[in-house]
Amino acid sequence: MSGIRGIFVTGTDTGIGKTVVTAALAAALRSEGWNVGVWKPVQSGEPIGSGLSDAEKLVAGSGISDPPEEVASFTFRAPLAPSLAAKAEGVRLTMDMLYEAGQPLCSRYDAMLVEGAGGAAVPLTEDALLADWIAFLRMPVLIVARVGLGTVNHTLLTVSFLRQRGIDILGVVLNEGTCAPGVPGVQEASDVQNKPDVPDPSVAGNAALIETFGGVKVLGRFPPVGDGSGPQLLAETVHSTLDLAPVRSFLSKCLEPSPELSGKAPEVRI
């Protein structure tokens, strides 16, 4: 039976900041003593060795010692949806293939933070979207969204789409960083939505609207961090800006031993 212990991190769009948020969450949890790893089942657009691939950024930001080649099970050259990027290289991805490829990495940790590719409706294989993959893994989700104008619509649509597949949502992280750093042809949110140097008036109320209409908790706003920020800075940033209580609560329940097997009441880490 499929299933990975941990949390899946998806986004409302590509280039939304899933990688830096995933790395930062891993760094913060590891600084608290949680034995968590990071996994990027499939990535495309940047080769490993360039310093620009998601796997390399996850390794550098989280502080794990796994090589990028193991953090990313599959890497494809074309900056396309996984199904198309794989097909361009003669590979036919399946969810079983992805799952099996990640087992050696996942077996080293008590729980994983798994970063998706693009948004929840991105075609992952020839017959499955990313949301189908999350359901296959039986993991709850954290959604990374932009902080500014348009995020309420995008986030509510993502929440609805995931719930249609029975996927639990732990919360939303609003990312104040650039919308699409390094993605050719994709502008930052401030360039698209606002005049230069004019504050976005929607920012103040977006979290409350998402919570009201989406029935989900916004864990906070993750601020911009410099390129190449290390685990210590990222962990400190998470601890000062995000509410990790839902994450810790889930991990405690996820990792506690079965009373029937242990013969004693489970120990809960806080």
Side-chain angles (χ1 to χ4, degrees), residues 6-29 36 38-43 45 54-55 57-58 61-62 81-82 112-122 124 129-131 133-134 137 139-163 167-183 186 188-190 192-193 200 202-203 206-207 209-211 214 216-225 227 229 234-235 237-244 246-247 250:
I7 298 167
F8 200 101
V9 181
T10 189
T12 57
D13 200 353
T14 190
I16 208 71
K18 297 185 302 296
T19 302
V20 66
V21 170
T22 301
L25 286 170
L29 291 169
V36 299
V38 292
W39 181 30
K40 178 84 177 185
V42 58
Q43 62 180 3
D54 288 347
K57 293 177 182 178
L58 287 170
S62 66
M112 302 298 294
L113 295 181
V114 182
E115 184 197 342
V122 164
L124 180 71
L129 301 176
L130 187 81
W133 169 236
I134 300 171
L137 295 177
M139 302 182 81
V141 163
L142 279 177
I143 300 170
V144 179
R146 67 168 57 93
V147 72
L149 189 64
T151 195
V152 174
N153 177 60
H154 297 157
T155 304
L156 295 184
L157 288 172
T158 299
V159 167
S160 176
F161 191 72
L162 292 169
R163 283 178 174 159
I167 297 167
D168 292 331
I169 301 168
L170 289 182
V172 175
V173 173
L174 297 177
N175 184 25
E176 295 179 345
T178 55
C179 177
V183 179
V186 180
E188 296 180 12
S190 59
V192 175
Q193 299 157 348
D200 181 347
S202 75
V203 170
N206 284 338
L209 290 173
I210 289 169
E211 291 185 333
V216 292
K217 181 176 178 59
V218 175
L219 305 187
R221 287 159 49 178
F222 189 80
V225 291
D227 291 339
S229 297
L234 291 178
T237 302
V238 167
H239 286 138
S240 64
T241 61
L242 302 184
D243 177 8
L244 292 186
V247 174
F250 171 76

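- Side-chain atoms of K217 do not come within 3.5 Å of backbone N or O of E211 as any donor-acceptor pair.
- Nearest heavy atom pair, residue S62 against residue A26, reads CB-CB, 3.8 Å.
- Evaluation of the side-chain contact (heavy atoms from CB on, under 4.5 Å) rule for T237 yields F222, P223, V225, L233, T241 as partners, not counting sequence neighbours.
- In terms of the side-chain contact (heavy atoms from CB on, under 4.5 Å) criterion, residue partners of A117 (sequence neighbours excluded) are, by chain and number, P82.
- Of the listed residues (I210, N206, L242), just one forms a side chain to side chain contact (heavy atoms under 4.5 Å, CB included) with V218, and that residue is I210.
- The closest donor-acceptor contact from the side chain of K40 to the backbone of V114 lies at 3.5 Å or more, if one exists at all.
- When each of V42, L58, V144 is checked for a side chain to side chain contact (heavy atoms under 4.5 Å, CB included) with E115, only L58 meets the rule.
- For T151 (side chain) and R146 (main-chain N/O), a donor-acceptor pair under 3.5 Å exists by modelled atom type.
- Across every non-hydrogen atom of I16 and G11, the tightest pair is CG2-CA, 4.0 Å.
- The heavy-atom pair separating A28 from L244 by the smallest distance is CB-CD1, 4.2 Å.
- Evaluation of the side-chain contact (heavy atoms from CB on, under 4.5 Å) rule for R163 yields V159, I169, V216 as partners, not counting sequence neighbours.
- Interatomic distance, CG of N153 versus CG of L209, reported as 12.0 Å (0.5 Å rounding).
- With rounding to the nearest 0.5 Å, the separation of CE in M139 from CG in L113 is 7.5 Å.
- Using a 4.5 Å heavy-atom threshold, the side chains of V203 and R221 count as touching.
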Report the C-alpha distance between L130 and F8 in whole Å, list the side-chain angles of each, state the deciding distance to 0.1 Å, and finish with yes or no for side chain to side chain contact (heavy atoms under 4.5 Å, CB included). CA-CA 11 Å; L130 187 81; F8 200 101; 4.1 Å; yes
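- Between L129 and F161, the closest side-chain pair of non-hydrogen atoms falls below 4.5 Å.
- With contacts defined as side-chain heavy-atom distances shorter than 4.5 Å, the pair L25/L142 qualifies.
- In plain terms, the two heavy atoms of P140 and L170 that are nearest each other are CB-CG, 3.9 Å.
- Considering CD1 of I134 and CG of D168, their distance stands at 11.5 Å, rounded to 0.5 Å.
- Judged by distance alone, with hydrogens and angles left aside, the side-chain atoms of D200 form a donor-acceptor pair with the main-chain N or O of L149 at under 3.5 Å.
- In summary, of the residues considered (L29, V247, I7), a side chain to side chain contact (heavy atoms under 4.5 Å, CB included) with V36 occurs for L29 alone.
- Here the closest heavy-atom approach between residue A120 and residue T158 is recorded as CB-CG2, 4.3 Å.
- Smallest separation of non-hydrogen atoms from L174 and A207: CD1-CB, 4.0 Å.
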